[in-house]
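Input: a single structure, listed below in structure tokens.
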Number of protein chains: 2
Amino acid sequence: MSRCENCIVRKFNALRAMSKEELKKVSDSKEVKTIKKGEPLFEEGEKLNGVYCVRNGVSKLSKLSANGKDQIVKLASTGELLGQRSVIAEEFSNLSAHAVSDMEVCYVPKEHILNSLKQNPDFTVEILRHMAHDLKEADDVIVNMSQKNVKQRMAEAFLYLKDYFGEDAEGYLVLTLSREDIANVVGTATESAIRIISEFKKKGWLRISGKRIGILEEKALRDLVEGF
Amino acid sequence: MSRCENCIVRKFNALRAMSKEELKKVSDSKEVKTIKKGEPLFEEGEKLNGVYCVRNGVSKLSKLSANGKDQIVKLASTGELLGQRSVIAEEFSNLSAHAVSDMEVCYVPKEHILNSLKQNPDFTVEILRHMAHDLKEADDVIVNMSQKNVKQRMAEAFLYLKDYFGEDAEGYLVLTLSREDIANVVGTATESAIRIISEFKKKGWLRISGKRIGILEEKALRDLVEGF
DNA sequence: CTAAAACTATGACATATGTCAGTTTTCCCC
DNA sequence: GGGGAAAACTGACATATGTCATAGTTTTAG
């Protein structure tokens, strides 16, 4: 089977700081899982006994509120480690993770993570760096949520989807999210998201083909985000 | 002068994981600073060459947006380390820090932090734990911002101020923020914040004495937050 | 102690956004 | 390929929230 030692994905996360021996142990006890679009990796409030290393596909990390709405806090794709925060803090997960496309992930029992934290300072610093980055991004999201209006946040979301997941040969965004998911990223009602997509389309900024969305006027979107 | 080795404040943050020798070095090179209410500790975009350990007083961490509004992301008080994220990621600060009450802080040059990160795994894990906690809180803020309305967030803010900073002998909140700061915590317009304070007062949930705010009906506020 | 500045408060109004209801389209699964 | 479920869309409407203008109040500085 595939060995962590040779896995390219590892290069993108803290596992790259693990020693040969550590990786060997991880590789021997890891479990490769296939997760279908829509299925959960884990749920809010669950006790996580390991972390998930994403080989393929995209996951949404979200939190459900009293009124039944989901807020998507982060989209995680190839190379990201899911669940590290909960495992490190030894707390229940504060977020749910669901696949938004078919996924292939490696489940790594937490013992390996906790051991390496104790014994491998490089690994710990690496984890720390990633978490520092996540924290900064979270701060940015907070500021955006409170200071930009829904249209601006929608525009920003499309630019984000392009930058992080790219476009296909025909110029459509590779990651296709349902309108509801888009609304939950942006933090608005599904109907509002749909209306704004229609508006952007009418203006010639986007083109739509079923679920697929293509960006036509990137500059216009950027200007809107900046408030021009 | 005061020595870090004997400082109680240290118990509340990652510095408690430092060894005697490390602390000695920190203590020898630290600089105690007094910061008046309203003055900055550091500004967004600034390169930080050290972290600030809060001995006394409260600081607001905020980010300015294009439209001139500030969003307060966190209030930090006794025991918190400010600037650790930027120092660790070796990036410019993404937030500004200003004193909202008179403060006494210790400035610790970053070398000590970075050295201990390399050499003291316990320290690193301790920092990691704190950052994991901050990240979780940030996620919660994101969800609150998108799923609760302004009234609910205002109610939550008062409960937060009570829980974290307490009440004085007369039952007023110890930390007095300007209406503008309250609005910037909640992410709303100052006028809206004022109106809601008036409304809560009219309902008998709060009492006001100049800038000072006292909570009279904690349960009513909690129910509002929960959506009853 | 007084004048100016900063902050707080309130009203009137505009508008962005959410909600509900109903229709149309797309997507699957048998 | 057809029927049914889910998703996408649209309109009408309610309302929460922001904006602007103005007045009152408290704090600060000289």
Side-chain angles (χ1 to χ4, degrees), chain A residues 36-39 65-71 98 100-102 144-157 172-173 176-202 206-213 224-225 227, chain B residues 36-39 65-71 98 100-102 144-157 172-173 176-203 206-214 224-225 227:
Chain A
K36 287 247 176 61
K37 180 172 172 173
E39 287 178 355
S65 76
N67 62 44
K69 259 189 165 174
D70 232 23
Q71 174 64 32
H98 289 253
V100 291
S101 63
D102 290 347
N144 278 339
M145 290 297 259
S146 80
Q147 302 193 329
K148 296 198 168 131
N149 61 35
V150 175
K151 255 179 228 181
Q152 292 176 308
R153 302 206 304 271
M154 285 289 292
E156 205 161 38
Y172 288 103
L173 295 172
T176 58
L177 294 174
S178 69
R179 302 295 192 257
E180 189 180 1
D181 278 341
I182 294 175
N184 290 344
V185 166
V186 166
T188 187
T190 307
E191 295 92 328
S192 297
I194 289 173
R195 259 183 260 276
I196 291 170
I197 291 173
S198 300
E199 188 190 325
F200 287 177
K201 181 184 163 190
K202 209 167 287 171
L206 298 178
R207 68 197 156 123
I208 311 296
S209 162
K211 279 180 110 70
R212 298 193 305 165
I213 295 177
L224 175 61
V225 171
Chain B
K36 288 247 173 63
K37 179 174 173 170
E39 288 178 355
S65 76
N67 62 44
K69 260 190 164 173
D70 232 23
Q71 173 64 33
H98 289 252
V100 291
S101 63
D102 290 345
N144 277 339
M145 291 296 259
S146 81
Q147 303 193 326
K148 296 197 169 135
N149 61 34
V150 175
K151 255 178 229 179
Q152 291 175 309
R153 301 205 304 270
M154 285 289 293
E156 204 161 37
Y172 288 103
L173 294 173
T176 58
L177 294 174
S178 69
R179 303 294 192 257
E180 190 181 0
D181 278 341
I182 294 174
N184 290 343
V185 167
V186 166
T188 188
T190 307
E191 294 94 326
S192 297
I194 290 173
R195 257 183 262 276
I196 291 170
I197 291 173
S198 299
E199 187 190 327
F200 287 176
K201 181 184 163 190
K202 208 167 288 170
K203 282 182 173 158
L206 298 178
R207 68 199 157 123
I208 312 294
S209 161
K211 280 180 109 70
R212 298 193 305 165
I213 295 177
L224 175 61
V225 172

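To find a chain, count down the sequence lines: A is the first, B the second, and so on, and within it residues start at 1.
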What distance do [X] atom [atom1] and [Y] atom [atom2] have between them, rounded to the nearest 0.5 Å?
{"X": "B:S146", "Y": "A:D70", "atom1": "OG", "atom2": "CG", "result": "9.5 Å"}
{"X": "B:K201", "Y": "B:I213", "atom1": "NZ", "atom2": "CD1", "result": "10.5 Å"}
{"X": "A:K211", "Y": "A:L173", "atom1": "NZ", "atom2": "CG", "result": "13.5 Å"}
{"X": "B:T176", "Y": "B:K37", "atom1": "OG1", "atom2": "NZ", "result": "5.0 Å"}

Residue pairs fulfilling salt bridge (Lys or Arg N to Asp or Glu O under 4.0 Å) with at least one residue in residues 187-199 of chain A, sequence neighbours excluded: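 Output for this query lists A:K151-A:E199, A:E199-A:K203.
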With 3.5 Å as the limit, what N/O pairs link the protein to nucleotides 26-30 of chain C?
none

Non-neighbouring partners of B:K148 that pass salt bridge (charged side-chain N to carboxylate O under 4.0 Å, His left out), sequence neighbours left out: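 Partners of B:K148 under the salt bridge (charged side-chain N to carboxylate O under 4.0 Å, His left out) test: B:E156.
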Residues which pass salt bridge (charged side-chain N to carboxylate O under 4.0 Å, His left out) with B:R207, listed by chain and number, not counting sequence neighbours: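 B:R207 satisfies salt bridge (charged side-chain N to carboxylate O under 4.0 Å, His left out) with no other residue.
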side-chain contact (heavy atoms from CB on, under 4.5 Å) involving B:K36 - partner list, sequence neighbours excluded: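 If we apply the side-chain contact (heavy atoms from CB on, under 4.5 Å) test to B:K36, skipping adjacent residues, the hits are B:E39, B:D102.
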B:A155: partners by side-chain contact (heavy atoms from CB on, under 4.5 Å), with sequence neighbours left out: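 With neighbours one apart ignored, the set is B:F200, B:L221, B:L224, B:V225.
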Close approaches to DNA chain C from residues 191-201 of chain B, in residue order (heavy atom, under 4.0 Å):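 Result for residues 191-201 of chain B: B:E191, B:I194, B:R195, B:S198, sorted by number.
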Sugar-phosphate only, base, or nothing, as touched by B:T188 at under 4.0 Å among non-hydrogen atoms: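 Sugar-phosphate contact only - B:T188 comes under 4.0 Å of backbone atoms but never of a base.
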Start and end of chain A contact along DNA chain D [non-hydrogen atoms, under 4.0 Å]: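 Reading along DNA chain D, I get D:dA7 to D:dA12.
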Pairs flagged by side chain to side chain donor-acceptor pair (under 3.5 Å) wherever residues 177-189 of chain B is involved - sequence neighbours left out: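 Found B:K60-B:D181.
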Degree of bending in the helix from C:dC1-D:dG30 to C:dC30-D:dG1 once both end axes are built from five pairs, to 10°: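 Comparing the axis at each end, I get an angle of 60°.
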Residues forming a side-chain hydrogen bond (donor to acceptor under 3.5 Å, both in side chains) with A:S65, sequence neighbours excluded: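 By the side-chain hydrogen bond (donor to acceptor under 3.5 Å, both in side chains) rule, A:S65 matches A:N67, B:Q147.
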Working for side-chain contact (heavy atoms from CB on, under 4.5 Å), residues B:I197 and B:I182: CA-CA 10 Å; B:I197 291 173; B:I182 294 174; 4.3 Å; yes
